[in-house]
*Asks:* 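Quick one: structure below, then a few questions.
Keep in mind that the numbers below use all heavy atoms, side chains included, and drop hydrogens, waters and symmetry copies.
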Amino acid sequence: MAKEEITPSEWQIMEVLWACSEPLTSSEVYKRMQGNVDMSQRMVRVLMNRLSQKDILGYTVDEHDSRVYHYYVRRSREECVKEKSRRFVDSYFSGSGTNAMAALLQSFALTDEQIKELEEILKNSRGRGVEAPDKEEETNV
C-alpha cells in the first residue's frame, strides 16, 4: 500500500502509464498528456519522482544516458482504485462500506441492467473476506 494517497495530478500521470504497456520517460509521459492537462514538463518529472517515492512507480536508468529514467507501473490501476475507495469510506463513512454503498446508490438513478450488474457483484462478494475455519479446528469444536 502507498504511504500517501495519490493526488489528482499524480493520477493523471498514472492514467498515461496504465494505458501504456511499456516503460516511459517523463518526456514521453508529458508528450502524451499535452493538450489534456495544464502541467509543465518539470512538474511531470517532480510528480513522477513522488510516485516513485510512494512505491507506485519504479524506474530503470537508461543504459546509454544515466540522466534518463524509464518509469514503469508497480501498482495496478485496480490496486490504486481499491486503496482510494478504502480511504474514501474511512474518511467519509467511518469505515462503513454499507453506509458508503447506500449513499452512492441513493445518489444515482440506475437502469435495470446496472442493478443486475450490482446484484452479480454482491453475489460474488458474498463470503469474501471471511476465512473459513481450518478443518482441524472444526473437529476440535
*Asks:* State the CD-OG distance between Glu120 and Ser125, to the nearest 0.5 angstrom.
*Replies:* 10.0 Å
*Asks:* Rounded at 0.5 Å granularity, tell me how far CH2 in Trp11 sits from CZ in Arg77.
*Replies:* 6.0 Å
*Asks:* How close do Ser76 and Trp18 get, counting heavy atoms only, and between which atoms?
*Replies:* C-NE1, 3.6 Å
*Asks:* Roughly how far apart are Leu17 CG and Glu22 CD, rounded to 0.5 Å?
*Replies:* 10.5 Å
*Asks:* What's the separation between atom CD1 in Ile115 and atom CG in Leu122, rounded to the nearest 0.5 Å?
*Replies:* 11.5 Å
*Asks:* Please examine the side chains of Ile6 and Cys80, heavy atoms only from C-beta on, and report whether any two atoms are closer than 4.5 Å.
*Replies:* yes
*Asks:* Enter the distance from Tyr71:OH to Thr60:OG1 here, rounded to the nearest 0.5 Å.
*Replies:* 10.0 Å
*Asks:* Would you tabulate the side-chain donor-acceptor contacts of residues 29-47 under 3.5 Å, counting partners in other chains and residues two or more places apart, or write 'none'?
*Replies:*
{"unit_1": "Ser40", "atom_1": "OG", "unit_2": "Met43", "atom_2": "N", "d": "3.0"}
{"unit_1": "Gln41", "atom_1": "NE2", "unit_2": "Ser27", "atom_2": "OG", "d": "2.8"}

*Asks:* Apply side-chain hydrogen bond (donor to acceptor under 3.5 Å, both in side chains) to Asp62 and list each qualifying residue two or more places apart in sequence or on a separate chain.
*Replies:* His70
*Asks:* Any side-chain to backbone donor/acceptor pair from Ser85 onto Val81? Under 3.5 Å, distance only.
*Replies:* yes
*Asks:* May I ask you to test the Arg75-Asp55 pair for a side-chain heavy-atom distance under 4.5 Å?
*Replies:* no
*Asks:* Identify whether the distance between the nearest side-chain nitrogen and carboxylate oxygen of Glu78 and Lys82 falls below 4.0 Å.
*Replies:* no
*Asks:* Applying side chain to side chain contact (heavy atoms under 4.5 Å, CB included), run through Glu5 and Lys84 and close with a yes or a no.
*Replies:* CA-CA 7 Å; Glu5 190 169 352; Lys84 197 163 196 64; 3.0 Å; yes
*Asks:* Walk me through it: do Lys123 and Glu119 pass the test salt bridge (Lys or Arg N to Asp or Glu O under 4.0 Å)?
*Replies:* CA-CA 6 Å; Lys123 178 183 166 190; Glu119 287 172 340; over 6 Å; no
*Asks:* Within a reach of under 6.0 Å around CG of Asp112, are more than 12 heavy atoms found that belong to other residues, nucleotides or ligands?
*Replies:* no
*Asks:* Quick check: are there more than 12 heavy atoms from other residues, nucleotides or ligands sitting under 6.0 Å from OH of Tyr92?
*Replies:* no
*Asks:* Any Lys/Arg nitrogen of Glu10 or Lys54 sitting under 4.0 Å from an Asp/Glu carboxylate oxygen of the other?
*Replies:* yes
*Asks:* Same cluster for Leu105 and Val89 if Ile/Leu/Val/Met/Phe/Trp/Tyr side chains link at under 4.5 Å?
*Replies:* no
*Asks:* Is the CD atom of Gln114 crowded by more than 12 outside heavy atoms at less than 6.0 Å?
*Replies:* yes
*Asks:* Please report the shortest heavy-atom distance between Asp65 and Val61, naming the atom on each side.
*Replies:* O-CG1, 4.4 Å
*Asks:* Please say which of Ile13, Val73, Leu51 ends up in a side-chain contact (heavy atoms from CB on, under 4.5 Å) with Ile56.
*Replies:* Leu51
*Asks:* Mind checking ring-ring contact (aromatic ring centres under 6.0 Å, His included) for Tyr69 and listing every partner two or more places apart, or none if nothing turns up?
*Replies:* Tyr59
